[in-house]
Number of protein chains: 2
Amino acid sequence: MPVSLPSTEPSGDSVSRILAAAKDLFARHGYDHVSMNAVAGAAGVSKANVFHHFKSKDELYIRSLSQACEASRSSLDAMEEGDGDAWQRIRRFVDEHLDHMLSHSRDSRLILREVVENCPGTGQRLAQEVFRDNFNRLVAIIAECQREGALRPDLDPVFISTLLLGANVFFFQSQEVMRHLDGVDFADEPSRYGAMFVDILMRGAASGPVANEGEKP
Amino acid sequence: MPVSLPSTEPSGDSVSRILAAAKDLFARHGYDHVSMNAVAGAAGVSKANVFHHFKSKDELYIRSLSQACEASRSSLDAMEEGDGDAWQRIRRFVDEHLDHMLSHSRDSRLILREVVENCPGTGQRLAQEVFRDNFNRLVAIIAECQREGALRPDLDPVFISTLLLGANVFFFQSQEVMRHLDGVDFADEPSRYGAMFVDILMRGAASGPVANEGEKP
DNA sequence: GTCTATATCGGGATAGAC
DNA sequence: GTCTATCCCGATATAGAC
């Protein structure tokens with residue numbers, strides 16, 4: 001990663017600095033609690049300069065969002081090239097995905113906010129353009145595991161993918177609450193949480209001899 | 001439930017009307033996008049009157065939150081008195097809980113926002129006071145199922161409860177996004193989603209003959 | 001491109017009459 | 001308890017000089 005030299009470009013790269021500051025502030029405090037003044041201050045430029053480069057606060061926000069999304073995309077790559085059997089790869093995905101969310105919690109929260117706040121025009125459309133890519137990749141990988149015989153053929157790979165994501169996202173967003181609930185001793189152990197989850201899933205979704213008492217295949 | 005007569009109390013019950021309007025607006029648009037002016041207008045009173053009954057916007061918000069929580073509490077009762085075997089009760093809980101969230105989506109979203117927006121002082125403490133009750137009840141029920149022999153004894157009932165809630169919450173909050181993802185044909189069928197989930201869980205968590213290839217008990 | 005200064009607007013909260 | 005009118009502040013956005 002190239003380090004910018006302040007001497008050569010003391011203010012030339014204002015856009016990057018503004019964008020970085022904005023992403024950080026938006027992720028930490030949310031759209032409404034971040035003023036253009038604060039962004040300007042954090043970026044070391046004047047407020048008018050921010051408006052010169054971004055014609056409105058909304059535009060700056062959208063740009064910040066998409067930048068946060070790009071960072072999120074890179075985490076899936078690690079899994080795809082990994083080896084090991086199907087359940088090992090799935091396990092690794094759960095681990096790394098959760099890890100990535102937690103270590104990039106600001107970006108994750110920034111995106112998550114847009115999901116929860118589902119205004120029809122703003123978040124949904126953008127979230128859709130972002131999620132579709134990664135989601136389809138995950139589904140494809142799960143389907144591949146199924147083709148290898150690791151999952152029962154009657155299961156919907158889309159559903160399994162949803163379950164994986166849901167378990168992780170819920171852990172991420174509820175961690176702070178879980179810490180203050182009785183008996184949740186895994187609140188600070190994401191990898192143990194992932195292990196327990198994949199264990200349940202594996203026993204429940206794997207093909208082979210299954211404890212299906214009262215079920216009719 | 002006593003019906004208030006508008007003739008006897010045309011404006012006497014301003015507090016209730018303000019609270020109702022506030023809860024509705026906060027749930028739909030979020031704290032920051034609701035002005036006291038808007039609340040006053042929706043409640044049919046003046047802005048000064050709102051400030052007369054609630055000394056600040058924060059107080060009004062907190063009151064709205066706790067009211068939304070009370071409504072959420074009643075849904076758990078239905079399950080506790082239900083009969084049937086363990087997995088039937090669990091299945092019914094998943095169904096009714098998800099149903100409740102969807103039919104009370106505004107209340108749910110209001111609470112969910114506080115979880116995602118985890119500021120240390122505001123949401124967390126209140127969420128904790130609210131969730132603890134219901135969560136402990138759910139854990140107790142799961143533990144009871146385990147005592148009946150429906151779940152493997154080595155499983156943590158707290159973890160299973162978390163999984164149940166997580167799957168439902170994720171469905172609720174991601175429904176709008178899921179609708180626009182490829183292949184998610186269960187996005188509008190919460191009960192099918194619940195059925196698939198409980199099916200996986202049952203096979204994976206049930207005691208009895210289990211497909212544990214490579215596991216050492 | 002970058003700044004200082006300013007216009008303009010809306011929201012929270014208060015004063016004081018009725 | 002309820003209202004009208006008002007204060008005060010901060011936020012978005014713009015104007016115009018350098």
Side-chain angles (χ1 to χ4, degrees), chain A residues 4-65 110 113-114 117 119 121-123, chain B residues 4-65 110 113-114 117 119 121-123:
Chain A
S4 63
L5 302 176
S7 53
T8 60
E9 300 181 354
S11 59
D13 206 3
S14 306
V15 177
S16 310
R17 302 220 315 276
I18 292 171
L19 218 44
K23 200 184 71 167
D24 181 65
L25 289 173
F26 281 140
R28 278 208 301 229
H29 309 114
Y31 181 88
D32 301 290
H33 290 92
V34 173
S35 69
M36 295 298 256
N37 228 328
V39 173
V45 298
S46 76
K47 183 169 58 171
N49 194 349
V50 178
F51 277 99
H52 174 71
H53 291 292
F54 304 89
K55 66 168 181 275
S56 73
K57 187 183 180 181
D58 270 343
E59 184 186 319
L60 179 58
Y61 182 64
I62 298 293
R63 292 283 304 271
S64 305
L65 258 186
L110 189 56
R113 232 191 296 263
E114 285 301 308
E117 222 75 34
C119 12
T122 317
Chain B
S4 62
L5 302 175
S7 53
T8 61
E9 300 182 354
S11 61
D13 206 4
S14 307
V15 176
S16 310
R17 302 221 314 278
I18 293 171
L19 219 43
K23 200 183 71 166
D24 180 65
L25 288 173
F26 281 140
R28 279 208 300 228
H29 308 114
Y31 181 88
D32 300 291
H33 290 92
V34 174
S35 69
M36 295 298 256
N37 230 329
V39 173
V45 299
S46 75
K47 183 168 60 169
N49 194 352
V50 178
F51 277 100
H52 175 72
H53 291 293
F54 304 88
K55 66 169 181 279
S56 73
K57 187 183 181 182
D58 271 342
E59 183 186 320
L60 178 58
Y61 182 64
I62 298 294
R63 293 283 305 271
S64 306
L65 259 186
L110 188 55
R113 230 191 296 262
E114 285 302 307
E117 222 74 33
C119 12
T122 317

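Order of the sequence lines fixes the chain letters, A, B, ..., with proteins taken first and strands second; residue numbering starts at 1 for each chain. On a predicted model such as this, the values are computed, not experimentally measured, just so you know.
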(message) Does A:Leu60 form a side chain to side chain contact (heavy atoms under 4.5 Å, CB included) with A:Phe26? I'd like the steps, not just the answer.
(response) CA-CA 10 Å; A:Leu60 179 58; A:Phe26 281 140; 4.2 Å; yes
Could you pull out all residues at least two apart from [X] that satisfy side chain to side chain donor-acceptor pair (under 3.5 Å)?
X       : value
A:His53 : A:Asn49
B:Asp58 : B:Tyr31
B:His33 : A:Asp32
B:Ser46 : none

(request) Ignoring backbone atoms, establish whether B:Ser14 has a side-chain N or O less than 4.0 Å from OP1 or OP2 of D:dG1. (result)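 No, B:Ser14 has no side-chain N/O under 4.0 Å of OP1/OP2 on D:dG1.
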(message) If you take any heavy atom closer than 4.0 Å to DNA chain C, which residues from residues 29-36 of chain B end up in contact?
(response)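 Heavy-atom cutoff 4.0 Å gives B:Val34, B:Ser35, B:Met36.
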(request) Report the distance from atom CG of B:Asp13 to atom P of D:dG1, rounded to the nearest whole Å. (result)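 Going from CG in B:Asp13 over to P in D:dG1 covers 10 Å.
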(message) So if I take residues 39-60 of chain B and measure heavy-atom distances to DNA chain D, which residues fall below 4.0 Å?
(response)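 Here the set is B:Val45, B:Ser46, B:Ala48, B:Asn49, B:His52, B:His53.
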(request) Measure the spacing between CG of A:Leu110 and CZ of A:Arg28 and express it to the nearest 0.5 Å. (result)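 That separation rounds to 12.5 Å.
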(message) Can you tell me how far apart CG (B:Asp24) and CG (B:Leu19) are? Round to the nearest 0.5 Å.
(response)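 One finds 11.5 Å between CG of B:Asp24 and CG of B:Leu19.
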(request) Compare every heavy atom of A:Glu114 with every heavy atom of A:Tyr61, then report the nearest pair and how far apart it is. (result)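 Where A:Tyr61 meets A:Glu114 most closely, the heavy atoms are OH-OE2, 2.6 Å.
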